[in-house]
Amino acid sequence: MEDCKKIIFVDASDTGRAAMAKIIMRQRLLGATPEVLSRGLVVLFPEPMNQKAEAVLVSNGYSGREHRAAQLLQEDIEPGTLILTMEDEQKLKIWEDYENVPRVYRLTDYVGESGDIPPLYGKPLTEYGACCEWIGALVDKLIEKIKG
């Protein structure tokens with residue numbers, strides 16, 4: 001996709017799914033463009049990544065230690081920004097609450113799959129692991145799509 005300068009993965013709190021997607025994509029792109037961020041829709045302070053999400057990332061060779069949750073701000077959205085949510089409801093909330101966001105998709109829809117990536121909070125570590133694998137596969141499809 002031409003003119004994709006920034007990708008922002010969004011979930012509710014930016015401590016789990018969106019953060020995992022950001023970290024996986026950054027490592028797979030190894031510094032190449034586009035810029036990759038993650039944001040939450042309700043972030044009260046810059047808390048670290050969920051411990052189970054971080055443990056799953058570490059077991060797969062990634063590091064989530066540096067991650068701090070951040071709120072999605074209007075200033076994050078500039079021309080060339082692609083916003084990818086984990087759930088359809090999050091996509092609708094962004095359309096309602098933010099201006100000039102023509103490219104907001106649920107991650108699964110954008111790469112040709114369907115369904116929400118369900119919230120993980122309170123789930124066992126095995127579900128975090130399965131989600132991390134699925135996000136990794138979705139990120140691979142995303143990279144193929146943006147590299148064209």
Side-chain angles (χ1 to χ4, degrees), residues 1 4-73 75-78 80-95 97-98 101 103-148:
M1 169 198 292
C4 184
K5 297 178 181 122
K6 183 192 298 185
I7 295 173
I8 305 174
F9 293 103
V10 176
D11 67 9
S13 65
D14 191 26
T15 59
R17 299 164 294 169
M20 285 194 286
K22 172 193 76 173
I23 289 165
I24 292 168
M25 186 153 184
R26 279 185 177 174
Q27 185 160 326
R28 292 188 180 168
L29 285 175
L30 294 173
T33 55
E35 177 183 9
V36 179
L37 305 171
S38 66
R39 296 289 187 259
L41 293 177
V42 181
V43 178
L44 303 177
F45 58 93
E47 64 183 305
M49 180 178 283
N50 174 290
Q51 289 180 334
K52 290 179 185 175
E54 185 176 359
V56 165
L57 284 172
V58 167
S59 72
N60 284 284
Y62 302 100
S63 173
R65 263 178 296 154
E66 305 300 316
H67 178 80
R68 293 293 175 266
Q71 175 76 33
L72 179 64
L73 303 173
E75 300 86 66
D76 292 324
I77 305 163
E78 41 194 40
T81 300
L82 172 63
I83 299 174
L84 299 169
T85 67
M86 303 296 122
E87 301 171 43
D88 202 48
E89 186 177 301
Q90 294 160 349
K91 175 181 72 172
L92 300 174
K93 181 116 178 86
I94 291 169
W95 278 337
D97 295 350
Y98 296 86
V101 286
R103 298 195 312 176
V104 180
Y105 302 89
R106 186 169 50 175
L107 173 58
T108 51
D109 295 333
Y110 192 75
V111 299
E113 292 192 18
S114 62
D116 287 347
I117 300 170
L120 294 169
Y121 186 78
K123 303 287 185 188
L125 190 60
T126 53
E127 287 198 39
Y128 278 82
C131 185
C132 184
E133 284 182 34
W134 187 24
I135 288 173
L138 294 170
V139 164
D140 286 342
K141 288 182 173 188
L142 174 60
I143 290 169
E144 282 180 36
K145 183 168 182 162
I146 63 171
K147 298 242 173 188

Specify the closest pair of heavy atoms between [X] and [Y], including all atoms of both residues, with the distance to one decimal.
X	Y	value
M20	L120	CE-CD1, 3.7 Å
A69	S13	CB-O, 3.4 Å
Y121	N50	CD1-ND2, 4.4 Å
A18	D11	N-OD2, 2.9 Å
R68	P48	NH1-CB, 3.4 Å
P34	C4	CB-O, 3.3 Å

Is any side-chain heavy atom of [X] closer than 4.5 Å to a side-chain heavy atom of [Y]?
X	Y	value
L142	M25	yes
L29	K147	yes
R26	L37	yes
V43	L72	no
V10	V104	no
R17	P119	yes

Just to verify, what does [X] make a side chain to side chain donor-acceptor pair (under 3.5 Å) with, not counting sequence neighbours?
X	result
W134	E113
K22	H67
R28	Y62, D140

- request: Could you note down all residue pairs passing salt bridge (Lys or Arg N to Asp or Glu O under 4.0 Å) where residues 114-134 supplies at least one of them, sequence neighbours left out?
  value: R106-D116
Counterpart residues, side-chain contact (heavy atoms from CB on, under 4.5 Å), relative to [X] (two or more places apart):
X	value
E78	K6, T81
A70	D14, R39
V58	E54
K93	L41, D97

message: Run D76 and Y98 through side-chain hydrogen bond (donor to acceptor under 3.5 Å, both in side chains) and show every step you take.
response: CA-CA 10 Å; D76 292 324; Y98 296 86; over 6 Å; no
Candidate pair L138 and I117, rule side-chain contact (heavy atoms from CB on, under 4.5 Å), full reasoning: CA-CA 10 Å; L138 294 170; I117 300 170; 3.6 Å; yes
query: Atom OG1 of T108 and atom NZ of K141: how far apart are they, to the nearest 0.5 Å?
result: 10.0 Å
